[in-house]
Structure formats: structure tokens, C-alpha cells
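Contents: one structure, followed by commentary.
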Amino acid sequence: MARKTEFNHVKTKAGWMVSIPPGLSSTGKRERCYFKTRDAARDFATGLKEKTKSNGESASAIPPAMAEDAVLATAVLAPWGLSLLEAARLAASLKERESASCTVKDALAAWTLSCEGLKAPTLATYKNTTKRLEAALGSRILSTLDVDDLQKGLGLVGTSGAAAANHYRAGRAFWRWAGKKGWCKIELYERVDAPRSGKSSNVEFLSIEQCQALLRTAEEHFPKSVASYAILLFTGLRPSEFARLRTEDVSAEGIEVNAESKIAKRRHITPIKTLKIWLEKYPFERVSNWRRTDQAVRYLAGWDVWTDPDFFTPPPQVEGEMPAPRLPWPQDATRHTFATYSINNGVMECPHSLIQPL
């Protein structure tokens, strides 16, 4: 049985003394306190006994090394106004969150499995973001991440444009999913800065003259691609929808867009009069090397695009003549062109009717 701690007061030449054992002193060493009167010494000793009793036997068994750590910890916490007990509770809460969470790598793997069944473009976007997060934060515990970690892990610091916006949206979808699992705090993502939208928010589209130049160039150099450009210009198909368009999907009655489109529904497009005229002269068939053909046509028509030098031979440069400046190709140009003219004019045949085959 442990020996009961006693605080006796004895008379000495220096006054009435109360001795404090090393295990209960603030320094980890025996302390002697002196008082002028017996009553003052007795009251002090009584107070020590009551404090020891209220704190339990563990208080009287604190080793000197632990007492020294407590003194140092108190100094560290002083600027923050925290006591040792408050700091201990915060540390315990953090450890509890860590044990209830998991690594970013494991969370991403589980999220990827839960996304099965989503549309292919969405899965591709999520996959790119997943790779980025895993490379930057894979070994970290999800619940320990802060806003700066997410900003850097997603590569959003100082970025703009569509790619950065995709990473931001995919990261938000992942974080919300993980938050519902209890692995992180959902509201933390609200403080992540969204990427800038870019230099310009104006929708760019092709002029009538540029549409004519595109189709005329295709007629002259790559006749099999003419129907493809006519469909893109006069239907407003998304590039991803056009990429899945088969030869049998296009006929005089219309165009069948399969269910793998962005809206995940199969739909029928009735061609406008201008498109019918083009398709009568140039029946649609898939162009096997469409990517390189499209680049070549746009380059020959005057746009600043990369082309494969082994695919076609550019026209020779006239000696002494300065080449005309090339224009950048607008993003999603054909779709924006169809939508802009249709909305502004109210009648789809105008001004498309101004663009006819040769």
C-alpha cells in the first residue's frame, strides 16, 4: 500500500516550515516553505493536503521528469492562453479524427469505385484529378488536410481556365463524398479559392466569311471532310458527340445522336435546309484520320493550329511576300457559331443560307 503523503509544519530557527515532497513540487525537487507564524504554516499545509486529496493519488505520483515537461509545456501554451488540460483535450480530439479517417490514397480509391456508372467524360475528368491529388497528398491523413494543402494538391494556386476549373469541381465532388463518410469536414472546401475564369468570358464564334473559308478549304483539299464541317457548323453538335457519330447515323431524314451524349439521352436532329444542301452534294462518312485532317484544313484556311508535317504539304511561300497573320482557333468554335447565329437571328436559315456549296 502506498505511503500516505503528510505535510507537517515544524518550528525552525528560520520560522515555521512546511516541506513539499519532490513528486508534488513545481520544480520536481523538495521544496521548503517558511512562515512567520504557526497558524500560517498550518493553513498552508492543510491546503496542500486538500489539494492532494481532490486530485487523487495520481497527483502525488507524478515523476520529476513529467513535472519538468509540464513546466515547459505551460510556457509553450502561454501565448495561446491554453492550459495543459485544454491542450491535452485538443490533442486527443485530433488523434480521434485521425483514427476515424484514412489516407488520401485510400479515400481516392474508394471514391473511384463509387463513381462507376458515371458518363465517360466525367470519369475521365475525375481520373485526372485523382492522379494529381494522389501524387501530392497520397500518404496524408484526410482529416489533417487544410485549405492550403487542398489548393496546392489540386494545383489551383495561380491557375485559370477550363482545366483548372475541372480540377476544382472534381476535388469538390470528392471532398463532399469523403465528408459524408465522416473522414473530413465538408465545410473546409468552401474556403478553397476557385480558379480564375480566364482572360475573357466572351464567347467567340466564326464570322460568315470564316465559315465560308473553312468549307471552301475543305472542298478544295479534303472533300471527304466537307460533310463533317457542315454537320458541326449547322447542328451545334458537341465535339464529343461528333466523335461518336457513325456513318449510318446520318441520313437525309436526320441525324441520330446516341445516348452517350452529355445529356445521356438519344435524340434526333432534323437538318436545316442549308445542311441538307451540303449533305446532298457531300454525303457524310467517317473520316478515319479526322484529327489530322481537321488540323490541316484549319491551317490551310488561315488559323494558327499545329499540323503534322508528314500528313500534307503546305502551299509554297512566295518569295518576298510576308505571310498573313494567323488567328487563334476559338474554343468550341463550331458549336458557339451555330448557337450565336441561331439566337441572334431567330431563324436558323439565316445567315446560314448565305453559305452554300460551290
**Item:** Pairs satisfying salt bridge (charged side-chain N to carboxylate O under 4.0 Å, His left out), at least one member in residues 156-176, at least two apart
**Value:** none
**Request:** Output every pair passing ring-ring contact (aromatic ring centres under 6.0 Å, His included) with a member in residues 123-146, not counting sequence neighbours, ordered by first then second residue.
**Result:** W111-Y126
**Asked** Would you say T103 and D106 make side-chain contact, with heavy atoms under 4.5 Å?
**Response** yes
**Request:** State, with a plain yes or no, whether a side-chain heavy atom of W278 is found less than 4.5 Å away from one of V226.
**Result:** yes
**Request:** Determine whether L142 and W175 make a side-chain contact, defined as any pair of heavy atoms from C-beta on separated by less than 4.5 Å.
**Result:** yes
**Item:** Donor + acceptor pair across side chains of T125, N128 (<3.5 Å)
**Value:** no
**Asked** With the threshold set at 4.0 Å, does a side-chain nitrogen-carboxylate oxygen contact exist between E190 and K185?
**Response** no
**Item:** Student check: side-chain heavy atoms of T112 and T130 closer than 4.5 Å
**Value:** yes
**Partners meeting side chain to side chain donor-acceptor pair (under 3.5 Å) with D294 (sequence neighbours left out)** = Y229, R298
**Message:** Below 30° counts as parallel, above 60° as perpendicular, anything between as tilted: where do the rings of Y189 and Y168 land?
**Reply:** tilted
**Request:** Establish, yes or no, whether a centroid distance under 6.0 Å links the rings of W183 and W177.
**Result:** yes
**Item:** For D148, all residues meeting side chain to side chain donor-acceptor pair (under 3.5 Å), sequence neighbours excluded
**Value:** none
**Fill in**
With sequence neighbours left out, the residues meeting side chain to side chain donor-acceptor pair (under 3.5 Å) with T217 are none
**Item:** Beyond-backbone contact of K127 with R132, side-chain heavy atoms, under 4.5 angstrom
**Value:** no
**Request:** Given side chain to side chain contact (heavy atoms under 4.5 Å, CB included), test N289 with V287 step by step and report yes or no.
**Result:** CA-CA 6 Å; N289 48 7; V287 179; 3.4 Å; yes
Contacts under 3.5 angstrom, residues 37-46 side chains, donor-acceptor by atom type, not counting sequence neighbours:
{"unit_1": "T37", "atom_1": "OG1", "unit_2": "A40", "atom_2": "N", "d": "3.2"}
{"unit_1": "D39", "atom_1": "OD1", "unit_2": "R42", "atom_2": "NH2", "d": "2.8"}
{"unit_1": "T46", "atom_1": "OG1", "unit_2": "R42", "atom_2": "O", "d": "2.9"}

